[in-house]
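Here's the structure we're looking at; comments come further down.
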There are 2 protein chains.
Amino acid sequence: MSSRAKIKDIAASVGVSPATVSRALTGSGLVAEPTLSRIREAAQKMHYRPNVSARNLRTQRSMAVLMVVRDVGNPFYLEILKGVETTAREAGYSVLMGNTENNPEREVEYFDMLRDGHADGMILMTGKLPDRAGYSEQVRGLPVVVALEEIAESGLPHVMIDNEAASRRAVEHLIGLGHRRIAHITGPVPEIMSLRRQDGYRRAMAAAGLPIPEGYEPVGDYLLHTGERLCRDLFSLAEPPTAVFVANDEMAFGAINELRRMGLDVPGDVSVVGFDDLFLSQAFHPPLTTVSQPRMAIGQQAMELLLRVFSDEGVAPSAVEMPTELKLRGSTAAPRAQS
Amino acid sequence: MSSRAKIKDIAASVGVSPATVSRALTGSGLVAEPTLSRIREAAQKMHYRPNVSARNLRTQRSMAVLMVVRDVGNPFYLEILKGVETTAREAGYSVLMGNTENNPEREVEYFDMLRDGHADGMILMTGKLPDRAGYSEQVRGLPVVVALEEIAESGLPHVMIDNEAASRRAVEHLIGLGHRRIAHITGPVPEIMSLRRQDGYRRAMAAAGLPIPEGYEPVGDYLLHTGERLCRDLFSLAEPPTAVFVANDEMAFGAINELRRMGLDVPGDVSVVGFDDLFLSQAFHPPLTTVSQPRMAIGQQAMELLLRVFSDEGVAPSAVEMPTELKLRGSTAAPRAQS
DNA sequence: CTGAAAGCGCTAACAT
DNA sequence: ATGTTAGCGCTTTCAG
């Protein structure tokens, strides 16, 4: 049967008090050398593992953090999770995954887990707070860090990329290749992230003196099939674009597939730029030109920020910005001919 | 400030004993109606949340399960996670993700978490137990369910697919199309799952009286780039195959990309079949013919099995088999010409 | 440097 | 139907 040795058992076995065992095992440095080793040995031999519930109850902390996302099913979050986890582990924390499925009920649920001691802090990547009355007030001062998304007026520390600048550069790349009729498939509006990317698109277009014709900014939702559908719409316009900047890779995949179905070559006939640099974006055909976010690093930063919030010494940054990179690959080229 | 109301506070506020409050809130059905409501109201108003550490310490359970995978970064596990989570939630359990990175140290770590009360049970998807001496013995009787993979002689209940039969059907499909020179890029050997899939390939070939020439079974590791490399090898053979059955989709993507680079058309010149049916497999070009596993259902089943193990009534199945489906898509066709 | 004693917040006997 | 009491396993004062 599983041994289930407790601190008391070790104490008895070694012939000291439970308190001493505790001190020895937590590495407090208050136990003398002959005893210390004997305690460690005994613990080892008895396969001792401190009971976390007891410890947590006593210390009033769980040494766990909560990472809350909209949809665990989205591979996008995986690398971020890795970054969070790596940094968390090093600091002795474990990571719980929370999944809101965009359900407000679930969101407050995870906030509650902070209060019931499930976790000591939270990394929020859902782009919003529960609407429940007064929540935005209660949140201030909680050990919460926001990543990826941005929550207006929440006052919470966050780690971000510059979505607008990154999008602007992506569109500028298209313009530089000679494209003039450039469309943009957006993310869900009015979410801030989508708006930022749209802003980048608009600014790049404006700066180049290019018009944005009616129908050139269809509103998407980051899903594959929406990319297909909106692309179809785009190319049934009287004056279809020669290039499309898509707000995320998944929709860009859909768009490219749809173009192929319509008999159009990418990048021969149409150039496509995505956003995210998913795992399979370079394995895609053609390899997708896209904005790459340092996802792992974002996760690490977010966790480091949270650790800083935990430690009461010093002041934690209220915002951290991470760099992005436009990966030039095979889905963009100069437009075929003069329009 | 966060309220941090405890059971004692509610008791005082309502004018009953802490025990009654506990009984009311846990829904034991032992509290009379006038009191019951008053307690509930008070709890609500004070934003009361039972402290999990205290409760877990007292009840000796954590109401959490551990789902341990080789690599959280692999999207393959996501849908399984969803299945596990859905079922777990319904039963009041939360799910902790564990990541071994194929590191034996980490594996025992997660077993330890069972003993230290972090979790009440575990769903193992790593295909192995820690080698540490005597571990396989200790494991017997622990609340552990194995999913996807198989652990020889562990005696642990598991939920599986029939890898061999599924692979056989995949290869039979190729044979049915008229292919005779069919190669197989395997998974990592000697892992059981890889061997099973290879067995399926060999049996199908044998049953059709087809030879397996030297070099037709390169050993892979499920990674994209390995698929590319091994495919290159395969097509520098004197007699290259006209079809390839690849042990997973990720390597199949790599193989197809490599074929394209070599100027070969899929499926015109070469047919490719994968295994897994990843999220992007149908968005790939060409859409990948592949073996689909019911991942979500596998997760649900695994969790249900674990719940059965928890409840001491009745006997839990020692194995559950889930069906697979060969998805016929665009990466397979009849061979171009007679060899 | 070590021991004794208290208590984290909750639930479960046991009593009434 | 409710109150009293004890204790889950650990850490941490407070003494010595």
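Lettering follows sequence order; numbering is per chain, from 1.
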Looking at dG9(D), does its base get a donor-acceptor pair with the side chain of Arg4(A) below 3.5 Å? no
Does the distance from a Lys or Arg side-chain N to an Asp or Glu carboxylate O, for Lys82(A) and Asp71(B), drop under 4.0 Å? yes
Quick one: [X] [atom1] to [N] [atom2], roughly how many Å, whole number?
X: Gln60(B); N: dA12(C); atom1: CD; atom2: P; result: 11 Å
X: Arg49(B); N: dG9(C); atom1: CZ; atom2: P; result: 16 Å
X: Ile39(B); N: dG3(D); atom1: CD1; atom2: P; result: 8 Å
X: Arg55(B); N: dG9(D); atom1: CZ; atom2: C1'; result: 18 Å
X: Lys8(B); N: dC8(C); atom1: NZ; atom2: C1'; result: 10 Å
X: Asp9(B); N: dC8(C); atom1: CG; atom2: P; result: 12 Å
X: Asn56(A); N: dG9(D); atom1: CG; atom2: P; result: 15 Å
X: Arg58(B); N: dC10(D); atom1: CZ; atom2: C1'; result: 16 Å

Test: side-chain hydrogen bond (donor to acceptor under 3.5 Å, both in side chains). Region: residues 12-31 of chain A. Which pairs qualify, not counting sequence neighbours? Ser17(A)-Thr20(A)
Check whether any side-chain nitrogen or oxygen of [X] sits under 4.0 Å from OP1 or OP2 of [N], and answer yes or no.
X: Thr20(B); N: dA1(D); value: no
X: Ser22(B); N: dA12(C); value: no
X: Tyr48(B); N: dG9(C); value: no

Indicate yes or no: at least one non-hydrogen side-chain atom of Leu307(B) is less than 4.5 angstrom from one of Thr87(B). yes
Could you check whether any side-chain heavy atom of Pro18(B) comes within less than 4.5 Å of a side-chain heavy atom of Lys6(B), counting everything from C-beta outward? no
For residues 86-101 of chain A, pull every pair meeting salt bridge (charged side-chain N to carboxylate O under 4.0 Å, His left out), keeping only residues two or more places apart or in separate chains. Arg89(A)-Glu109(B)
Pair Tyr93(B) and Phe310(B), ring centroids less than 6.0 Å apart: yes
5' precedence on DNA chain D between Ser17(B) and Thr59(B) (nearest-nucleotide basis): Ser17(B)
For Gly15(B) and Leu57(B), find the nucleotide of DNA chain D closest to each by heavy atoms; which residue's nucleotide sits nearer the 5' end?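 The 5'-side residue here is Gly15(B).
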Do Ser37(B) and Glu41(B) have side-chain N/O donor and acceptor atoms under 3.5 Å apart?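 Result is no, nothing qualifies.
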What does Ala19(A) touch in the nucleic acid at a heavy-atom separation under 4.0 angstrom: a base, only the sugar-phosphate, or nothing? base
Which is true for Ser53(B) with a 4.0 Å heavy-atom rule: it touches a base, it touches only sugar-phosphate, or it touches nothing? nothing
Nearest-neighbour nucleotide for the Thr35(A) side chain, dC10(C), dA13(C), dT2(C) considered: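 Shortest atom-to-atom distance from the side chain points to dT2(C).
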Please round to 10 degrees the angle between the axis of the first five pairs and the axis of the last five pairs in the helix from dC1(C)-dG16(D) to dT16(C)-dA1(D). 30°
